[in-house]
Amino acid sequence: MDDVQMKMGVGSEEISGIVDSIVYQNSENGYAVCVIEDHEGEPITAVGILPYLNEGDKIRATGEWTTHKTYGRQFSVLSFDRTLPAEEGDILRYLASGAVKGIGPKTARKIVEQFGGDSFDVIENNPEWLSSIPGISKAKAEAIGENFRSISGSREFMMFSKDFFPPATAMRIYKRWGAASVERIRENPYSLCGAFQGIGFKRADIIAASLGLDQASEHRVEAGILHVLSSEASRNGHTCLPLDALCDCALSLLFNGDVSRREEMLDAIERLGAEGRIVLYSDEGEKKFAYHPYIYKAEKGIAENLANLSRLCPSIGEGDIGLFIERSERESGITYAPMQKRAISEALRGGVLILTGGPGTGKTTIIKGLLSIFRSLDFSVCLAAPTGRAAKRMSEATSYEAKTIHRLLEMEWGEGNDPKFIRNESNPIEERVIIIDEASMIDTLLMDALLRACRGGSKLILIGDGDQIPSVGCGSVLSDIIASEVFCVVRLRDVFRQSEESVIITNAHKINMGEMPEISSKGKDFFFLERSSDESVAATIRDLVTSRLPKAYGRSIVDRLQIITPSRRGAAGTEAVNAMLQAALNPPSETKREKKRRDVVFRTGDRVMQTKNNYQTEWSSLSGETGFGVFNGDVGIIESIDDENEIVTISFDERRCEYDYSMLDELEHAYAITVHKSQGSEYPVVIIPLYHCAPMLLSRNLLYTAVTRASRMVILVGGKDVLRTMIENDYHAERCTKLRRMLESEAQR
């Protein structure tokens with residue numbers, strides 16, 4: 001037996017030995033519990049992602065020692081190497097374990113007795129020799145050899161990839177590409193980009209460099225161009241890029257901006273266009289833009305389907321519209337303002353309506369009026385919003401069920417963690433009227449999916465605040481639709497909830513108009529606490545959350561407040577404030593379980609946020625309803641941490657989800673969140689730190705969006721200079737899209 005050796009590393013240790021037994025193994029994710037035997041026969045329990053492990057394997061693993069509450073001391077594996085055993089006794093143990101299909105304990109003994117230390121070589125390279133052993137036919141010998149070569153392929157790939165990927169990722173690659181995995185990666189490492197979640201251009205570029213691939217290879221240049229398009233879509237919201245900009249970005253990424261390669265880059269772009277791997281689009285000025293094909297298809301689909309809805313929807317008679325509005329006023333006891341009447345009229349008259357306005361301008365009143373009128377006409381209606389919180393708020397305001405758009409479209413997940421919507425052009429939404437709130441949050445891909453599921457002749461009403469920051473995903477869908485002037489847009493400007501009721505609303509409109517909010521008077525729902533340094537901003541927030549607010553309003557207020565920051569960085573950014581408030585509100589305790597991931601400690605009772613769309617996560621509710629999908633921006637509470645099964649249970653409002661430890665990379669603490677992550681949500685109390693961060697984040701629409709997230713109280717903490725800077729900075733990051741142009745073209749047909 002090999003000695004079990006332990007070497008101290010930087011924050012890790014190393015063990016090596018022979019796998020004596022497999023206690024548990026999950027074939028789906030590679031998680032295993034095994035016992036490794038040392039030279040004295042003493043067992044070591046090792047746990048972690050150990051795919052394709054077999055008894056008798058010789059293993060060397062890096063990780064750390066931990067103590068399990070039930071099972072005691074064990075070694076948590078972070079990475080590992082393995083080889084086939086060389087000693088006859090270990091070879092016999094390996095073959096007798098059933099690792100090779102067709103070989104049991106008796107057959108294993110016969111093989112080792114006949115071929116000794118050459119047994120593996122015979123099985124792999126000369127399996128026909130096995131037929132000389134009684135009980136093994138020629139057909140069975142070939143089958144044994146084929147199965148062993150398959151196992152060897154997985155072992156070869158795991159060894160090849162150990163310096164490139166964690167074991168779980170290597171397992172996913174091998175499951176999809178099989179024995180060809182090594183050859184495919186050696187030939188073109190960039191083929192990994194997009195094929196496997198979590199492997200992007202930068203990772204592939206490191207692999208390519210280690211394999212000695214030419215930096216100027218076509219594979220690298222083409223992958224770099226595609227990466228720029230993807231990166232600009234995800235980071236900056238651009239659905240397309242002008243060819244000059246794409247070329248400059250790609251040159252910077254690939255060749256440190258070497259302009260002498262510009263023609264080479266333009267040729268590669270044209271080649272990708274000719275092959276259909278990107279779409280080259282020309283506008284009226286013959287300027288060319290490059291798209292990822294799926295984004296181009298989505299943007300074009302939005303334009304076509306909106307135009308079809310507008311053309312095909314039957315109109316209600318002009319004389320009847322007035323009667324319907326009058327009856328709705330009598331039944332509700334409300335007299336609609338002129339713009340509210342116009343909004344209801346346009347919704348009844350046409351197929352597409354955009355209703356936009358700030359807080360307190362009567363959008364909910366219009367929705368209620370439309371619901372009563374459409375129901376009186378026996379028109380089936382559905383309400384939806386981009387996020388669960390926005391849908392819940394819509395339901396509470398209208399007393400009518402609202403769903404998330406994903407649920408409305410009956411989202412399922414497909415291979416590769418891609419969303420699949422059951423509702424589409426072949427199986428459209430049944431309702432005749434679709435009302436969508438918080439439409440400014442809808443990105444290009446989701447809007448395309450929604451419109452594909454709208455049946456011909458149905459009505460679509462999009463409600464949103466055009467002055468808020470744009471969607472997290474790519475595109476400027478609501479802004480582009482409004483700017484195209486193709487469809488009816490009703491803008492609500494009159495505020496119906498007066499200043500004596502809500503200073504929040506008054507100040508939100510002041511901010512939106514570029515005016516300083518009222519911060520000198522002692523209001524009941526809008527406060528400004530001036531602080532001179534960023535550090536004092538953070539300290540004041542801690543004092544508010546842990547002491548001042550609970551003393552004034554009770555401990556329960558802590559669960560109803562949210563800190564919303566302009567940035568992740570800085571003394572009062574989400575990273576610093578989250579660490580500070582976790583320590584203050586949810587400190588370590590013997591009664592609380594913990595799990596450390598990426599130098600972040602997750603603890604029972606922590607408030608956490610999902611940071612990316614995950615369409616595969618299953619959830620269940622207290623009512624017994626089940627479904628799939630947890631989405632970017634969802635906030636929940638860690639209910640329990642189960643080390644034995646490596647499961648973290650999180651409650652997202654009414655949905656309860658189980659995360660295995662590998663999914664913790666998708667979570668971050670949510671005591672404080674960024675303005676972008678707060679979109680579509682509403683909180684009773686919002687605290688906004690005003691501190692010095694990146695100038696582009698100190699903008700008017702960012703502050704306006706943060707303030708309008710609050711329903712009962714806003715507390716600004718920081719400097720007047722920062723507040724004034726944000727209000728005076730009317731910077732809007734322009735997103736490069738062609739939706740407006742496509743909408744205008746469709747209207748001219």
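Values in this document were obtained by computation on a predicted structure and should not be read as measured data.
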Please evaluate residues Glu646 and Lys595 with respect to the criterion salt bridge (Lys or Arg N to Asp or Glu O under 4.0 Å), reporting the C-alpha separation (whole Å), side-chain torsions for both, the decisive distance (0.1 Å), and the verdict.
CA-CA 9 Å; Glu646 299 206 333; Lys595 174 60 184 175; 5.6 Å; no
Going by atom types only, do [X] and [Y] share a side-chain donor-acceptor pair under 3.5 Å?
X	Y	value
Asp606	Gln582	yes
Tyr659	Gln610	yes
Tyr661	Asp643	yes

By the definition salt bridge (Lys or Arg N to Asp or Glu O under 4.0 Å), identify the one residue from Arg607, Arg656, Arg655 that meets it with Glu639.
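Passing option: Arg656.
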Please enumerate all residues that pass salt bridge (charged side-chain N to carboxylate O under 4.0 Å, His left out) together with Glu396, with sequence neighbours excluded.
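Glu396 satisfies salt bridge (charged side-chain N to carboxylate O under 4.0 Å, His left out) with no other residue.
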Is it the case that over 12 heavy atoms from other parts of the model lie below 6.0 angstrom from the CZ atom of Arg593?
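Count over threshold, so yes.
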Can you confirm if the NZ or CZ of Arg73 lies within 45° of the ring axis of Trp65 and under 6.0 Å from the centre of its six-membered ring?
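Yes, Arg73 and Trp65 form such a contact.
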What closest approach, in Å, do Ala670 and Val608 show between heavy atoms, and which atom pair accounts for it?
CB-C, 3.6 Å
Taking only residues two or more places apart in sequence or in another chain, which ones pass ring pair (Phe, Tyr, Trp, His ring centres under 6.0 Å) with [X]?
X	answer
Phe602	His669
Phe164	Phe160
Tyr691	none

Listed partners of Ser681 passing side-chain contact (heavy atoms from CB on, under 4.5 Å), at least two apart
Arg389, Tyr683
Of all pairs that satisfy side chain to side chain donor-acceptor pair (under 3.5 Å), the ones with a partner from residues 529-540, not counting sequence neighbours
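Qualifying pairs, neighbours excluded: Arg531-Thr540, Ser533-Ser536, Asp534-His692.
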Could you please spell out the steps behind the side-chain contact (heavy atoms from CB on, under 4.5 Å) verdict for Val714 and Leu716?
CA-CA 7 Å; Val714 169; Leu716 305 180; 3.9 Å; yes
